[in-house]
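To keep things clear, I will list the structure first and then write my remarks on it.
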Amino acid sequence: MLMLMNSSKKIFWQFPWLYGESFVISFALIVIGLAIEILNLGKGVPPPCFPYNILIIILLIVLIPLLYFLFHKNTIIKWLSSVPAATASIISVVILALIMGIIPQNDTGDISYLKLIGFNHIFQSWAFAFSCLNLIIVLGFTIVKRISYFKFQNIGFLFNHLGLWIIMVSALLGSG
């Protein structure tokens, strides 16, 4: 009896991934971004310029639906279109946006710890780039999942989320 009770408890990193794993992944992307920023001496991400930004948009538009329709039963793809993944990715972007609102965003050129970790130029930082890319991918998979099970009642959801995806991709990849 004791063995049956213990075997029903979900182990961390066992699928399906829930909120704990989602937050670990989202915040690991921020930490990786901060590490790259430090190794890069706070230079940030160069903004994607034409024609690279168009290529990235085309890749996103083609790969997200293609991966979903080919591998929609895959546990990673299921997780990428889940509420826990969406919640964690939104919160990671919101935290970076809050830091951006609190810390003055003036890249003065001097080497300070704020510049070194990218906190005085968050919009161009690696942490923000990884977090936004995570959010765009999760939002894309969520849209494709909802389109694949289309019901007329979902039209508001689709317009809302597709509009958000278009605005985010345009703002982030059009800034170069």
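Residues take their numbers from the sequence shown, with the count starting at 1.
- To the nearest 0.5 Å, atoms CD1 (I136) and CG (L172) are separated by 5.0 Å.
- Side-chain contact between L67 and F141: present, with at least one pair of heavy atoms (C-beta onward) separated by less than 4.5 Å.
- Residues S22 and T87 have side chains not in contact (no heavy-atom distance under 4.5 Å, counting atoms from C-beta outward).
- Here the shortest heavy-atom pairing between K115 and N120 reads CA-OD1, 3.3 Å.
- Under the 3.5 Å distance criterion, with hydrogens and angles disregarded, no donor-acceptor pair is assigned to the side chains of T75 and W17.
- Under the 4.5 Å side-chain criterion, counting only non-hydrogen atoms from C-beta, I91 is in contact with F27.
- Side-chain contact between N74 and W79 is absent, with no heavy atoms from C-beta onward closer than 4.5 Å.
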Problem - Candidate pair Y19 and V83, rule side-chain contact (heavy atoms from CB on, under 4.5 Å), full reasoning - result: CA-CA 9 Å; Y19 287 98; V83 173; 3.4 Å; yes
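- Ring geometry, Y68 versus H72: the interplanar angle falls from 30° to 60°, so the pair is classed tilted.
- Linking Ile, Leu, Val, Met, Phe, Trp and Tyr whenever their side-chain heavy atoms come within less than 4.5 Å leaves V62 and L60 in two separate clusters.
- Taking the side-chain hydrogen bond (donor to acceptor under 3.5 Å, both in side chains) definition, one finds that E21 meets it with K10, sequence neighbours left out.
- The CG atom of L63 sits 5.5 Å away from atom CG of L59, with the distance rounded to the nearest 0.5 Å.
- Pairs passing the ring-ring contact (aromatic ring centres under 6.0 Å, His included) check and including a residue from residues 156-176, sequence neighbours excluded, read F157-H161.
- With rounding to the nearest 0.5 Å, the separation of CG in N134 from CD1 in I30 is 9.5 Å.
- With sequence neighbours left out, S89 forms a side-chain hydrogen bond (donor to acceptor under 3.5 Å, both in side chains) with no residue at all.
- Under a hydrophobic clustering in which Ile, Leu, Val, Met, Phe, Trp and Tyr are joined whenever their side-chain heavy atoms come within less than 4.5 Å, directly or via other members, I61 and Y52 fall into different clusters.
- Under the 4.5 Å side-chain heavy-atom criterion for grouping Ile, Leu, Val, Met, Phe, Trp and Tyr, L162 is connected to I56 within one hydrophobic cluster.
- Here the straight-line distance linking atom CG of L80 with atom CG of L139 works out to 12.0 Å at 0.5 Å rounding.
- Under the 4.5 Å side-chain heavy-atom criterion for Ile, Leu, Val, Met, Phe, Trp and Tyr, L173 and F50 are members of distinct hydrophobic clusters.
- A donor-acceptor pair is defined here as one N or O able to donate and one able to accept, closer than 3.5 Å; such a pair exists between the side chain of Q105 and the backbone of I103.
- A pairwise comparison of heavy atoms in G174 and N53 identifies CA-ND2, 4.5 Å as the closest pair.
- Closest approach of C132 to V93, counting heavy atoms only: N-CG2, 4.1 Å.
- Remark: K43 NZ to I36 CD1 distance equals 14.5 Å, nearest 0.5 Å.
- Taking each heavy atom of G118 and S125 in turn, the nearest pair found is O-CB, 3.8 Å.
- Minimum interatomic distance between K78 and K73 (heavy atoms only, all atoms of both residues): CE-O, 3.6 Å.
- Side chain of E37 to main chain of I32: no donor-acceptor pair is present (N/O by atom type, distance under 3.5 Å, no hydrogens or angles).
- The shortest side-chain heavy-atom distance between V45 and F128 does not fall under the 4.5 Å cut-off.
- If you chain together hydrophobic residues whose side chains sit under 4.5 Å apart, L98 and L34 fall into the same group.
- F15 CZ: more than 12 foreign heavy atoms inside a 6.0 Å radius.
- Distance check, rounded to the nearest 0.5 Å: CG of L96 to CD1 of I122 gives 5.5 Å.
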Practice task
May I have the step-by-step check of side-chain contact (heavy atoms from CB on, under 4.5 Å) for N154 and Y149, ending in yes or no?
Solution key: CA-CA 9 Å; N154 292 339; Y149 301 107; 5.7 Å; no
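- Of all the heavy atoms in T142 and S81, the pair that sits closest is OG1-CA, 3.8 Å.
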